[in-house]
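Structure, as C-alpha coordinates:
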Amino acid sequence: MQAEFPLPDVHWEPARELWKGAARGELHMPRCDSCGRYVWYPLPPCRHCGAAQWTWTTASGRGRLFSWSIVRHAWIPQFADRLPFVTGLVALEEDPAVRLVTYVVDCAPPDLHCDMPVRAVFRPLRYPGVRGEVTAPMFAPQRG
Amino acid sequence: MTDDWGFASELDDVGGEIAIVGIGDADYSKASGRTTHQIAAQATERALADAGLTAAEVDGIMYVPFSGDQFDDAAFHAHFGTSHDLWVSDKGGGMVWAGSAPYEAALAIRSGKATCVVNTFSVAWATQRSQMVGGPGQVHAEDLCKQNLEVPFGWFPQPVYFATIARRHMYEFGTTSEQLGAIAVACRRHANLTPGAVMRDRPLSLDDYLRSPLIADPFRKEDCCLISDGGAAYVMTSLERARDLKAPIVEVLGVGVGNSRTGAYWSQQGAFTSTPQVFAATGAFAMAGIERDDVDVLACYDPFTIVSLMQIEDMGFCPKGEGGPFVEGEALHFDAGVLPYNTHGGMLSHAYVLGIAHVVEIVRQLRRQAAAQVPDAAVGIYGGYTGPQASTLILGRR
(Lines give C-alpha, C1' and ligand atoms only; values in the text may rest on other atoms or scores of the structure.)
Protein backbone atom coordinates (compact mmCIF):
# COMPACT_ATOMS: atom_id res chain seq x y z
CA MET A 1 0.00 0.00 0.00
CA GLN A 2 1.30 3.50 -0.80
CA ALA A 3 2.64 5.62 2.05
CA GLU A 4 -0.34 8.00 2.25
CA PHE A 5 -3.03 5.30 1.97
CA PRO A 6 -5.99 5.84 1.89
CA LEU A 7 -5.20 9.15 0.18
CA PRO A 8 -4.64 8.79 -3.56
CA ASP A 9 -1.12 8.94 -4.97
CA VAL A 10 -1.43 12.12 -7.06
CA HIS A 11 1.75 11.14 -8.92
CA TRP A 12 0.29 7.82 -10.15
CA GLU A 13 0.50 8.49 -13.86
CA PRO A 14 -2.85 7.09 -15.06
CA ALA A 15 -4.89 9.50 -12.88
CA ARG A 16 -2.46 12.42 -12.41
CA GLU A 17 -4.56 14.74 -14.60
CA LEU A 18 -7.65 14.10 -12.48
CA TRP A 19 -5.93 15.48 -9.38
CA LYS A 20 -4.31 18.36 -11.28
CA GLY A 21 -7.76 19.36 -12.55
CA ALA A 22 -9.34 19.01 -9.14
CA ALA A 23 -6.70 21.32 -7.65
CA ARG A 24 -7.95 23.96 -10.10
CA GLY A 25 -11.62 23.24 -9.41
CA GLU A 26 -12.18 21.39 -12.68
CA LEU A 27 -13.28 17.85 -13.44
CA HIS A 28 -10.75 16.47 -15.92
CA MET A 29 -11.67 13.22 -17.64
CA PRO A 30 -9.94 11.20 -20.37
CA ARG A 31 -11.57 10.94 -23.83
CA CYS A 32 -10.43 8.41 -26.36
CA ASP A 33 -8.70 10.04 -29.37
CA SER A 34 -10.10 7.33 -31.61
CA CYS A 35 -13.78 6.91 -30.67
CA GLY A 36 -14.44 9.95 -28.48
CA ARG A 37 -15.87 7.96 -25.59
CA TYR A 38 -14.65 8.52 -22.05
CA VAL A 39 -12.08 5.96 -20.91
CA TRP A 40 -12.77 4.98 -17.33
CA TYR A 41 -10.89 3.60 -15.50
CA PRO A 42 -7.98 5.34 -17.23
CA LEU A 43 -6.03 2.24 -18.21
CA PRO A 44 -5.47 1.06 -21.79
CA PRO A 45 -7.08 -0.14 -23.89
CA CYS A 46 -10.25 1.90 -24.40
CA ARG A 47 -12.97 -0.62 -23.64
CA HIS A 48 -15.18 0.75 -26.41
CA CYS A 49 -12.74 0.64 -29.34
CA GLY A 50 -9.47 -0.84 -28.09
CA ALA A 51 -7.37 2.28 -28.79
CA ALA A 52 -4.62 3.30 -26.39
CA GLN A 53 -4.42 7.09 -26.76
CA TRP A 54 -6.61 9.62 -25.04
CA THR A 55 -6.71 13.28 -24.11
CA TRP A 56 -7.82 14.70 -20.78
CA THR A 57 -10.62 17.22 -21.24
CA THR A 58 -12.71 19.31 -18.89
CA ALA A 59 -16.13 17.80 -18.19
CA SER A 60 -19.18 19.73 -16.99
CA GLY A 61 -19.02 18.22 -13.51
CA ARG A 62 -22.73 17.46 -13.73
CA GLY A 63 -24.16 13.99 -13.34
CA ARG A 64 -26.64 11.83 -11.51
CA LEU A 65 -26.26 9.91 -8.29
CA PHE A 66 -26.34 6.34 -9.55
CA SER A 67 -26.30 4.62 -6.17
CA TRP A 68 -24.76 4.97 -2.72
CA SER A 69 -24.30 3.50 0.73
CA ILE A 70 -24.36 5.20 4.11
CA VAL A 71 -21.36 3.68 5.85
CA ARG A 72 -21.56 3.37 9.63
CA HIS A 73 -18.73 0.92 10.29
CA ALA A 74 -14.99 1.61 9.90
CA TRP A 75 -13.52 -1.29 7.91
CA ILE A 76 -10.17 0.49 8.05
CA PRO A 77 -9.22 2.70 11.02
CA GLN A 78 -8.58 5.77 8.84
CA PHE A 79 -12.32 6.01 8.09
CA ALA A 80 -13.42 5.98 11.75
CA ASP A 81 -13.54 9.77 12.22
CA ARG A 82 -15.81 10.30 9.20
CA LEU A 83 -18.61 7.93 10.23
CA PRO A 84 -21.28 7.98 9.13
CA PHE A 85 -20.42 8.96 5.54
CA VAL A 86 -22.11 8.68 2.18
CA THR A 87 -20.06 7.08 -0.57
CA GLY A 88 -21.35 6.10 -3.96
CA LEU A 89 -21.27 6.37 -7.71
CA VAL A 90 -22.06 9.32 -9.96
CA ALA A 91 -22.93 8.76 -13.61
CA LEU A 92 -21.43 11.56 -15.72
CA GLU A 93 -23.81 13.74 -17.73
CA GLU A 94 -21.56 13.47 -20.82
CA ASP A 95 -21.54 9.65 -20.68
CA PRO A 96 -23.60 7.91 -18.00
CA ALA A 97 -21.64 4.67 -18.58
CA VAL A 98 -18.81 6.40 -16.71
CA ARG A 99 -19.35 6.22 -12.97
CA LEU A 100 -17.11 8.18 -10.64
CA VAL A 101 -16.65 6.83 -7.15
CA THR A 102 -17.10 9.75 -4.79
CA TYR A 103 -18.21 11.11 -1.48
CA VAL A 104 -21.70 12.65 -1.59
CA VAL A 105 -21.69 15.88 0.43
CA ASP A 106 -24.07 18.70 1.43
CA CYS A 107 -27.06 16.36 1.44
CA ALA A 108 -28.86 14.80 4.40
CA PRO A 109 -29.24 11.02 3.93
CA PRO A 110 -33.08 11.13 3.82
CA ASP A 111 -32.84 13.45 0.80
CA LEU A 112 -30.68 11.08 -1.25
CA HIS A 113 -32.28 9.26 -4.13
CA CYS A 114 -31.04 7.34 -7.12
CA ASP A 115 -30.65 9.40 -10.28
CA MET A 116 -30.84 12.74 -8.44
CA PRO A 117 -28.92 15.48 -10.28
CA VAL A 118 -25.58 16.26 -8.66
CA ARG A 119 -22.61 18.52 -9.43
CA ALA A 120 -18.95 18.31 -8.63
CA VAL A 121 -17.54 20.33 -5.76
CA PHE A 122 -13.88 20.26 -4.90
CA ARG A 123 -12.98 19.56 -1.30
CA PRO A 124 -9.89 18.42 0.56
CA LEU A 125 -9.52 14.75 1.41
CA ARG A 126 -7.76 14.23 4.74
CA TYR A 127 -7.33 11.17 6.90
CA PRO A 128 -6.16 10.97 10.50
CA GLY A 129 -2.56 9.87 10.88
CA VAL A 130 -1.93 10.39 7.15
CA ARG A 131 0.35 13.15 5.96
CA GLY A 132 -1.02 15.83 3.63
CA GLU A 133 -4.31 16.39 1.87
CA VAL A 134 -5.60 16.07 -1.68
CA THR A 135 -8.28 18.20 -3.31
CA ALA A 136 -10.78 15.80 -4.83
CA PRO A 137 -14.05 15.88 -6.76
CA MET A 138 -16.97 15.18 -4.49
CA PHE A 139 -20.60 15.60 -5.45
CA ALA A 140 -23.44 17.67 -4.02
CA PRO A 141 -27.08 18.09 -5.09
CA GLN A 142 -27.64 20.46 -8.01
CA ARG A 143 -29.56 23.49 -6.79
CA GLY A 144 -32.77 24.80 -8.35
CA MET B 1 -29.37 -2.89 -20.89
CA THR B 2 -27.81 -4.83 -23.72
CA ASP B 3 -25.86 -7.97 -22.93
CA ASP B 4 -22.52 -6.78 -24.32
CA TRP B 5 -21.22 -6.24 -20.78
CA GLY B 6 -20.10 -9.85 -20.63
CA PHE B 7 -19.89 -13.16 -22.41
CA ALA B 8 -19.94 -16.93 -21.96
CA SER B 9 -16.76 -19.00 -22.14
CA GLU B 10 -16.80 -21.61 -24.91
CA LEU B 11 -16.78 -25.03 -23.27
CA ASP B 12 -16.72 -28.58 -24.63
CA ASP B 13 -19.62 -30.81 -23.64
CA VAL B 14 -18.39 -32.83 -20.64
CA GLY B 15 -21.83 -33.77 -19.37
CA GLY B 16 -21.98 -37.27 -17.91
CA GLU B 17 -18.24 -37.97 -18.16
CA ILE B 18 -17.16 -37.68 -14.53
CA ALA B 19 -18.55 -38.01 -11.02
CA ILE B 20 -17.77 -36.56 -7.62
CA VAL B 21 -16.96 -39.62 -5.52
CA GLY B 22 -15.55 -38.20 -2.32
CA ILE B 23 -16.28 -35.16 -0.17
CA GLY B 24 -14.55 -33.85 2.93
CA ASP B 25 -15.08 -30.89 5.21
CA ALA B 26 -12.32 -29.51 7.37
CA ASP B 27 -13.45 -28.17 10.72
CA TYR B 28 -15.18 -24.79 10.34
CA SER B 29 -14.41 -22.15 12.93
CA LYS B 30 -13.68 -18.58 13.88
CA ALA B 31 -9.99 -17.73 14.42
CA SER B 32 -8.27 -21.03 15.17
CA GLY B 33 -4.56 -20.53 14.61
CA ARG B 34 -4.59 -23.20 11.91
CA THR B 35 -2.79 -22.79 8.57
CA THR B 36 -4.44 -23.25 5.19
CA HIS B 37 -2.25 -26.31 4.58
CA GLN B 38 -3.42 -27.96 7.81
CA ILE B 39 -7.03 -27.19 6.95
CA ALA B 40 -6.81 -28.50 3.38
CA ALA B 41 -4.92 -31.62 4.49
CA GLN B 42 -7.69 -32.48 6.94
CA ALA B 43 -10.35 -31.93 4.28
CA THR B 44 -8.43 -34.03 1.76
CA GLU B 45 -7.92 -36.89 4.21
CA ARG B 46 -11.63 -36.91 4.91
CA ALA B 47 -12.57 -36.74 1.23
CA LEU B 48 -10.29 -39.68 0.40
CA ALA B 49 -11.67 -41.71 3.30
CA ASP B 50 -15.19 -40.88 2.12
CA ALA B 51 -14.33 -42.11 -1.38
CA GLY B 52 -12.48 -45.19 -0.15
CA LEU B 53 -9.30 -44.12 -1.93
CA THR B 54 -5.70 -43.74 -0.78
CA ALA B 55 -3.41 -40.78 -1.39
CA ALA B 56 -1.35 -42.97 -3.71
CA GLU B 57 -4.40 -43.41 -5.96
CA VAL B 58 -4.75 -39.64 -6.43
CA ASP B 59 -3.01 -38.57 -9.63
CA GLY B 60 -4.35 -35.05 -10.04
CA ILE B 61 -4.63 -32.07 -7.77
CA MET B 62 -6.32 -28.71 -8.28
CA TYR B 63 -5.97 -25.49 -6.31
CA VAL B 64 -6.17 -21.73 -6.80
CA PRO B 65 -2.91 -19.78 -6.70
CA PHE B 66 -4.43 -16.46 -5.58
CA SER B 67 -3.30 -16.30 -1.97
CA GLY B 68 -0.09 -18.25 -2.42
CA ASP B 69 -0.84 -20.58 0.46
CA GLN B 70 -3.05 -23.23 -1.07
CA PHE B 71 -2.69 -27.01 -0.98
CA ASP B 72 -0.64 -27.63 -4.11
CA ASP B 73 1.22 -30.75 -5.26
CA ALA B 74 4.20 -30.07 -2.98
CA ALA B 75 1.92 -29.66 0.03
CA PHE B 76 0.03 -32.82 -0.93
CA HIS B 77 3.20 -34.90 -1.11
CA ALA B 78 4.61 -33.37 2.08
CA HIS B 79 1.45 -34.23 3.98
CA PHE B 80 0.86 -37.73 2.67
CA GLY B 81 4.49 -38.77 2.31
CA THR B 82 4.04 -39.57 -1.38
CA SER B 83 6.19 -38.68 -4.38
CA HIS B 84 4.37 -40.01 -7.45
CA ASP B 85 3.60 -37.94 -10.55
CA LEU B 86 0.59 -35.66 -10.23
CA TRP B 87 -1.34 -33.75 -12.85
CA VAL B 88 -1.49 -30.27 -11.36
CA SER B 89 -3.97 -27.53 -12.22
CA ASP B 90 -4.22 -24.04 -10.77
CA LYS B 91 -7.76 -23.72 -12.14
CA GLY B 92 -9.30 -25.20 -9.03
CA GLY B 93 -10.08 -24.00 -5.52
CA GLY B 94 -13.14 -22.10 -4.29
CA MET B 95 -15.28 -19.21 -5.56
CA VAL B 96 -16.00 -19.48 -9.28
CA TRP B 97 -13.48 -22.33 -9.58
CA ALA B 98 -15.31 -24.57 -7.14
CA GLY B 99 -17.87 -24.77 -9.96
CA SER B 100 -15.55 -24.87 -12.97
CA ALA B 101 -12.85 -27.24 -11.60
CA PRO B 102 -14.94 -30.28 -12.63
CA TYR B 103 -14.78 -29.05 -16.22
CA GLU B 104 -10.98 -28.90 -16.18
CA ALA B 105 -10.84 -32.26 -14.39
CA ALA B 106 -13.13 -33.84 -16.99
CA LEU B 107 -10.84 -32.68 -19.79
CA ALA B 108 -7.79 -34.07 -17.96
CA ILE B 109 -9.52 -37.39 -17.30
CA ARG B 110 -10.79 -37.59 -20.89
CA SER B 111 -7.27 -37.07 -22.27
CA GLY B 112 -5.65 -39.53 -19.89
CA LYS B 113 -3.63 -36.95 -17.95
CA ALA B 114 -5.28 -38.02 -14.71
CA THR B 115 -7.77 -40.56 -13.45
CA CYS B 116 -8.52 -39.37 -9.93
CA VAL B 117 -8.45 -35.64 -9.19
CA VAL B 118 -8.76 -33.81 -5.87
CA ASN B 119 -9.88 -30.17 -5.71
CA THR B 120 -9.33 -28.30 -2.45
CA PHE B 121 -9.75 -24.85 -1.04
CA SER B 122 -8.94 -23.59 2.43
CA VAL B 123 -8.85 -20.23 4.12
CA ALA B 124 -7.59 -18.93 7.45
CA TRP B 125 -8.81 -15.35 7.16
CA ALA B 126 -10.35 -15.41 10.64
CA THR B 127 -6.89 -16.08 12.03
CA GLN B 128 -5.14 -13.68 9.61
CA ARG B 129 -7.72 -10.88 9.72
CA SER B 130 -5.83 -8.44 11.96
CA GLN B 131 -2.86 -8.44 9.58
CA MET B 132 -5.01 -7.63 6.53
CA VAL B 133 -6.12 -4.20 5.23
CA GLY B 134 -9.90 -4.28 5.38
CA GLY B 135 -9.82 -8.06 5.91
CA PRO B 136 -10.66 -9.84 2.66
CA GLY B 137 -10.73 -6.39 1.04
CA GLN B 138 -6.94 -6.32 0.94
CA VAL B 139 -6.71 -7.77 -2.57
CA HIS B 140 -8.95 -4.93 -3.77
CA ALA B 141 -6.99 -2.25 -1.88
CA GLU B 142 -3.86 -3.46 -3.67
CA ASP B 143 -5.39 -2.81 -7.10
CA LEU B 144 -4.03 0.60 -8.12
CA CYS B 145 -7.26 1.81 -9.76
CA LYS B 146 -9.19 0.99 -6.61
CA GLN B 147 -6.42 2.28 -4.33
CA ASN B 148 -6.40 5.64 -6.12
CA LEU B 149 -9.94 6.11 -7.39
CA GLU B 150 -12.21 4.20 -4.98
CA VAL B 151 -10.65 3.74 -1.53
CA PRO B 152 -9.91 7.51 -1.10
CA PHE B 153 -13.68 8.09 -1.26
CA GLY B 154 -14.59 5.47 1.31
CA TRP B 155 -15.87 3.03 -1.32
CA PHE B 156 -14.21 -0.01 0.22
CA PRO B 157 -14.30 -2.91 1.00
CA GLN B 158 -16.78 -5.49 -0.37
CA PRO B 159 -19.73 -4.77 1.97
CA VAL B 160 -19.76 -1.20 0.62
CA TYR B 161 -19.60 -2.34 -3.03
CA PHE B 162 -22.52 -4.68 -2.61
CA ALA B 163 -24.57 -2.34 -0.43
CA THR B 164 -24.35 0.10 -3.34
CA ILE B 165 -25.48 -2.62 -5.75
CA ALA B 166 -28.33 -3.56 -3.40
CA ARG B 167 -29.47 0.08 -3.22
CA ARG B 168 -29.67 0.26 -7.00
CA HIS B 169 -31.51 -3.07 -7.16
CA MET B 170 -34.02 -1.68 -4.66
CA TYR B 171 -34.46 1.45 -6.80
CA GLU B 172 -34.83 -0.35 -10.12
CA PHE B 173 -37.00 -3.25 -8.99
CA GLY B 174 -38.55 -2.35 -5.64
CA THR B 175 -36.57 -4.95 -3.71
CA THR B 176 -37.01 -4.55 0.06
CA SER B 177 -35.00 -5.12 3.22
CA GLU B 178 -37.55 -7.78 4.22
CA GLN B 179 -36.73 -9.68 1.03
CA LEU B 180 -32.98 -9.51 1.61
CA GLY B 181 -33.67 -10.53 5.20
CA ALA B 182 -35.58 -13.61 4.03
CA ILE B 183 -32.36 -14.88 2.45
CA ALA B 184 -30.37 -14.34 5.65
CA VAL B 185 -33.08 -16.02 7.73
CA ALA B 186 -33.26 -19.08 5.45
CA CYS B 187 -29.47 -19.51 5.55
CA ARG B 188 -29.40 -19.17 9.34
CA ARG B 189 -32.16 -21.72 9.78
CA HIS B 190 -30.21 -24.18 7.66
CA ALA B 191 -27.02 -23.49 9.63
CA ASN B 192 -28.94 -24.06 12.86
CA LEU B 193 -29.66 -27.59 11.58
CA THR B 194 -26.18 -28.33 10.25
CA PRO B 195 -23.48 -29.90 12.46
CA GLY B 196 -20.27 -27.91 12.31
CA ALA B 197 -21.85 -24.70 11.01
CA VAL B 198 -20.25 -21.67 12.65
CA MET B 199 -23.64 -20.10 13.45
CA ARG B 200 -25.33 -23.35 14.43
CA ASP B 201 -26.39 -22.10 17.87
CA ARG B 202 -27.42 -18.59 16.82
CA PRO B 203 -31.04 -18.43 15.63
CA LEU B 204 -32.16 -15.46 13.50
CA SER B 205 -35.73 -14.32 12.85
CA LEU B 206 -36.80 -11.72 10.32
CA ASP B 207 -37.60 -9.39 13.24
CA ASP B 208 -34.08 -9.93 14.59
CA TYR B 209 -32.74 -9.07 11.16
CA LEU B 210 -34.78 -5.90 10.81
CA ARG B 211 -33.77 -4.73 14.30
CA SER B 212 -30.09 -5.22 13.56
CA PRO B 213 -28.20 -1.95 12.93
CA LEU B 214 -27.32 -0.84 9.43
CA ILE B 215 -23.55 -1.02 8.93
CA ALA B 216 -23.40 -0.13 5.23
CA ASP B 217 -26.95 1.02 4.58
CA PRO B 218 -28.95 -0.79 3.19
CA PHE B 219 -26.89 -3.68 4.63
CA ARG B 220 -26.97 -5.01 8.13
CA LYS B 221 -24.30 -7.31 9.54
CA GLU B 222 -26.57 -10.26 8.68
CA ASP B 223 -26.46 -9.37 4.96
CA CYS B 224 -22.72 -10.02 5.01
CA CYS B 225 -20.80 -13.28 5.09
CA LEU B 226 -18.83 -14.52 8.06
CA ILE B 227 -15.04 -14.45 8.28
CA SER B 228 -13.94 -18.02 8.98
CA ASP B 229 -11.19 -20.58 9.07
CA GLY B 230 -12.02 -23.75 7.19
CA GLY B 231 -12.06 -25.53 3.88
CA ALA B 232 -13.20 -28.57 2.01
CA ALA B 233 -12.18 -30.98 -0.72
CA TYR B 234 -13.85 -33.15 -3.31
CA VAL B 235 -12.60 -36.05 -5.40
CA MET B 236 -13.48 -36.59 -9.06
CA THR B 237 -13.07 -39.59 -11.33
CA SER B 238 -14.62 -41.06 -14.46
CA LEU B 239 -18.20 -42.26 -14.31
CA GLU B 240 -16.92 -45.75 -15.12
CA ARG B 241 -14.54 -45.82 -12.16
CA ALA B 242 -17.16 -44.26 -9.89
CA ARG B 243 -19.27 -47.41 -10.27
CA ASP B 244 -16.60 -49.37 -8.40
CA LEU B 245 -16.57 -46.98 -5.43
CA LYS B 246 -18.84 -47.06 -2.43
CA ALA B 247 -20.72 -43.74 -2.55
CA PRO B 248 -23.95 -43.14 -4.46
CA ILE B 249 -22.89 -41.71 -7.83
CA VAL B 250 -23.19 -37.94 -8.22
CA GLU B 251 -22.31 -37.05 -11.79
CA VAL B 252 -21.36 -33.77 -13.40
CA LEU B 253 -24.21 -33.00 -15.81
CA GLY B 254 -23.25 -29.52 -16.96
CA VAL B 255 -20.83 -26.65 -16.46
CA GLY B 256 -21.02 -23.03 -17.61
CA VAL B 257 -18.73 -20.05 -17.15
CA GLY B 258 -19.68 -16.40 -17.63
CA ASN B 259 -17.45 -13.32 -17.69
CA SER B 260 -17.87 -9.60 -17.05
CA ARG B 261 -15.90 -7.31 -19.39
CA THR B 262 -15.23 -4.89 -16.51
CA GLY B 263 -13.63 -7.56 -14.34
CA ALA B 264 -13.60 -6.78 -10.64
CA TYR B 265 -14.43 -3.10 -11.21
CA TRP B 266 -17.99 -3.38 -10.00
CA SER B 267 -18.33 0.41 -10.18
CA GLN B 268 -18.09 0.28 -13.97
CA GLN B 269 -20.08 -2.88 -14.74
CA GLY B 270 -22.61 -2.13 -17.46
CA ALA B 271 -25.37 -4.22 -15.90
CA PHE B 272 -24.79 -3.00 -12.36
CA THR B 273 -27.45 -5.18 -10.76
CA SER B 274 -26.53 -8.41 -12.57
CA THR B 275 -23.87 -11.11 -12.24
CA PRO B 276 -22.12 -13.07 -15.01
CA GLN B 277 -24.49 -15.94 -14.13
CA VAL B 278 -26.47 -14.40 -17.00
CA PHE B 279 -23.83 -15.92 -19.28
CA ALA B 280 -22.83 -18.98 -17.25
CA ALA B 281 -26.17 -20.61 -16.53
CA THR B 282 -27.48 -20.85 -20.10
CA GLY B 283 -24.63 -23.05 -21.29
CA ALA B 284 -24.68 -25.25 -18.20
CA PHE B 285 -28.42 -25.97 -18.53
CA ALA B 286 -27.97 -26.72 -22.23
CA MET B 287 -25.07 -29.10 -21.51
CA ALA B 288 -27.08 -30.86 -18.83
CA GLY B 289 -30.22 -30.95 -20.96
CA ILE B 290 -32.45 -29.89 -18.07
CA GLU B 291 -34.77 -27.00 -17.25
CA ARG B 292 -34.98 -24.75 -14.18
CA ASP B 293 -37.99 -26.69 -12.94
CA ASP B 294 -35.85 -29.83 -12.73
CA VAL B 295 -33.62 -28.34 -10.03
CA ASP B 296 -34.21 -29.69 -6.52
CA VAL B 297 -31.59 -27.76 -4.59
CA LEU B 298 -29.43 -24.70 -5.24
CA ALA B 299 -26.30 -23.36 -3.55
CA CYS B 300 -24.76 -20.05 -4.57
CA TYR B 301 -21.58 -18.29 -3.55
CA ASP B 302 -23.14 -15.79 -1.17
CA PRO B 303 -20.84 -13.09 0.14
CA PHE B 304 -23.93 -10.88 0.56
CA THR B 305 -27.67 -11.42 0.43
CA ILE B 306 -27.94 -9.36 -2.75
CA VAL B 307 -25.46 -11.66 -4.55
CA SER B 308 -27.75 -14.60 -3.81
CA LEU B 309 -30.77 -12.70 -5.07
CA MET B 310 -29.06 -11.57 -8.27
CA GLN B 311 -27.74 -15.06 -9.07
CA ILE B 312 -31.19 -16.60 -8.55
CA GLU B 313 -32.53 -14.10 -11.09
CA ASP B 314 -29.59 -14.41 -13.46
CA MET B 315 -29.77 -18.22 -13.52
CA GLY B 316 -33.35 -17.85 -14.70
CA PHE B 317 -35.25 -19.13 -11.67
CA CYS B 318 -37.38 -15.98 -11.98
CA PRO B 319 -37.41 -13.01 -14.35
CA LYS B 320 -34.82 -10.25 -13.76
CA GLY B 321 -36.03 -7.91 -11.06
CA GLU B 322 -38.49 -10.37 -9.55
CA GLY B 323 -35.96 -11.97 -7.21
CA GLY B 324 -37.30 -10.01 -4.25
CA PRO B 325 -40.84 -11.36 -4.38
CA PHE B 326 -39.45 -14.79 -5.36
CA VAL B 327 -37.33 -15.21 -2.19
CA GLU B 328 -39.91 -13.76 0.21
CA GLY B 329 -41.13 -15.66 3.22
CA GLU B 330 -39.85 -19.23 3.36
CA ALA B 331 -39.39 -19.84 -0.36
CA LEU B 332 -35.70 -20.71 0.07
CA HIS B 333 -36.16 -23.01 3.08
CA PHE B 334 -35.22 -26.64 2.55
CA ASP B 335 -38.70 -27.88 3.41
CA ALA B 336 -40.86 -25.28 1.63
CA GLY B 337 -40.92 -27.01 -1.73
CA VAL B 338 -40.02 -23.92 -3.77
CA LEU B 339 -36.24 -23.53 -4.25
CA PRO B 340 -34.22 -25.02 -1.37
CA TYR B 341 -31.22 -22.72 -1.15
CA ASN B 342 -27.86 -22.92 0.65
CA THR B 343 -29.17 -25.75 2.76
CA HIS B 344 -26.00 -25.83 4.90
CA GLY B 345 -26.26 -22.11 5.71
CA GLY B 346 -23.97 -20.70 3.04
CA MET B 347 -21.24 -18.17 3.67
CA LEU B 348 -23.69 -16.06 5.64
CA SER B 349 -24.18 -18.67 8.38
CA HIS B 350 -22.29 -21.93 7.74
CA ALA B 351 -18.72 -20.71 7.10
CA TYR B 352 -16.92 -18.34 4.77
CA VAL B 353 -14.89 -20.87 2.86
CA LEU B 354 -15.62 -19.32 -0.51
CA GLY B 355 -17.95 -21.86 -2.05
CA ILE B 356 -16.09 -25.15 -1.70
CA ALA B 357 -18.43 -26.23 1.13
CA HIS B 358 -21.39 -25.40 -1.11
CA VAL B 359 -20.33 -28.06 -3.61
CA VAL B 360 -19.82 -30.57 -0.79
CA GLU B 361 -23.33 -29.77 0.47
CA ILE B 362 -24.89 -30.28 -2.96
CA VAL B 363 -23.20 -33.69 -3.24
CA ARG B 364 -24.42 -34.55 0.25
CA GLN B 365 -27.97 -33.53 -0.73
CA LEU B 366 -27.88 -35.74 -3.81
CA ARG B 367 -26.61 -38.66 -1.70
CA ARG B 368 -29.57 -37.92 0.64
CA GLN B 369 -27.16 -37.47 3.56
CA ALA B 370 -27.64 -33.76 4.33
CA ALA B 371 -28.75 -32.37 7.69
CA ALA B 372 -31.45 -30.17 6.15
CA GLN B 373 -32.25 -32.82 3.55
CA VAL B 374 -34.45 -31.95 0.59
CA PRO B 375 -36.71 -34.98 -0.01
CA ASP B 376 -35.73 -37.01 -3.09
CA ALA B 377 -33.13 -34.47 -4.24
CA ALA B 378 -31.87 -35.60 -7.66
CA VAL B 379 -30.54 -32.46 -9.36
CA GLY B 380 -28.50 -29.81 -7.57
CA ILE B 381 -26.64 -26.72 -8.68
CA TYR B 382 -23.72 -24.69 -7.41
CA GLY B 383 -23.45 -21.09 -8.58
CA GLY B 384 -19.89 -19.80 -8.27
CA TYR B 385 -18.99 -16.13 -8.35
CA THR B 386 -16.00 -13.82 -8.17
CA GLY B 387 -17.26 -10.61 -9.76
CA PRO B 388 -15.22 -10.97 -12.96
CA GLN B 389 -16.66 -14.44 -13.49
CA ALA B 390 -19.48 -16.75 -12.53
CA SER B 391 -19.82 -20.50 -12.91
CA THR B 392 -22.75 -22.88 -12.93
CA LEU B 393 -22.13 -26.51 -11.94
CA ILE B 394 -25.05 -28.91 -12.40
CA LEU B 395 -24.84 -32.20 -10.53
CA GLY B 396 -27.20 -35.15 -10.74
CA ARG B 397 -27.80 -38.29 -8.76
CA ARG B 398 -27.47 -41.24 -11.08
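Residue numbers start from 1 in every chain, and the chains themselves are labelled A, B, ... in the order their sequence lines are given, proteins ahead of strands. For the numbers below, each heavy atom of this structure counts, side chains included, while hydrogens, waters and symmetry mates do not.
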Using 30° and 60° as the class boundaries, would you call the ring planes of B/Tyr161 and B/His140 parallel, tilted or perpendicular?
perpendicular
Side-chain donor-acceptor pair present, A/Glu94, A/Ser60, cut-off under 3.5 Å:
yes
Taking A/Val98, A/Ile76, A/Leu89 one by one, which has the highest count of heavy-atom pairs under 4.5 Å against chain B?
A/Leu89
Using 0.5 Å steps for rounding, measure from the CE atom of B/Met95 to the CD atom of B/Gln389.
10.5 Å
Below 4.5 Å from any heavy atom of chain A, which atoms of B/Phe156 appear? Answer side chain, backbone, both or neither.
both
Neighbourhood of chain B inside residues 26-41 of chain A, taking heavy atoms under 4.5 Å as contact:
A/Trp40, A/Tyr41
Let's test your reading of the structure: which of B/Gly137, B/Pro159, B/Gly135, B/Pro213 forms the most heavy-atom pairs below 4.5 Å with chain A?
B/Pro159
First locate atom OH of B/Tyr265, then atom OG of B/Ser260, and finally report the distance between them rounded to the nearest 0.5 Å.
12.0 Å
Flag the pair B/Phe272 / B/His169 as yes when their ring centroid distance falls below 6.0 Å, and as no otherwise.
no
Answer yes or no: does atom NZ of B/Lys320 have more than 12 heavy-atom neighbours from other residues, nucleotides or ligands under 6.0 Å?
yes
So for atom CZ, which belongs to B/Arg261, do other residues, nucleotides or ligands contribute more than 12 heavy atoms lying within a distance under 6.0 Å?
yes
A/Arg123 to A/Tyr103 six-membered ring, cation-pi geometry met (6.0 Å, 45°)
no
For A/Trp68, which atoms come within 4.5 Å of any heavy atom of chain B: side chain, backbone, both, or neither?
both
Can you tell which of A/Phe66, A/Phe85, A/Phe5, A/Trp19 has the highest number of heavy-atom pairs within less than 4.5 Å of chain B?
A/Phe66
Most heavy-atom pairs under 4.5 angstrom with chain A, which of B/Thr262, B/Val133, B/Leu144, B/Leu214?
B/Leu144
Aromatic centroids of A/Tyr127 and A/Phe79 separated by under 6.0 Å
yes
Interface residue of largest heavy-atom contact number with chain B, from A/Asp115, A/Val86, A/Val71, under 4.5 Å:
A/Asp115
Could you have a look at A/Leu43, A/Thr102, A/Asp9, A/Leu125 and say which one has the most heavy-atom pairs with chain B under 4.5 angstrom?
A/Thr102
Rounding to 0.5 Å, atoms CD (A/Glu133) and CZ (A/Arg126) come to a distance of 4.5 Å
Part of A/Gln2 within contact of chain B (heavy atom distance under 4.5 Å):
both
Hey, can you tell me if B/Tyr385 and B/Trp266 have their rings parallel, tilted or perpendicular (30° and 60° cut-offs)?
tilted
Check each atom of A/Ala15 against the heavy atoms of chain B and say whether the ones under 4.5 Å are side chain, backbone, both or neither.
side chain
Ionic contact status for B/Arg202 with B/Asp208, cut-off 4.0 Å
no
So for A/Leu7, is it side chain, backbone, both, or neither that comes closer than 4.5 Å to the heavy atoms of chain B?
backbone
Pick from A/Cys114, A/Ala136, A/Pro84: which one has the most heavy-atom pairs with chain B under 4.5 Å?
A/Cys114
Could you have a look at B/Ala163, B/Ala216, B/Gly154 and say which one has the most heavy-atom pairs with chain A under 4.5 angstrom?
B/Gly154
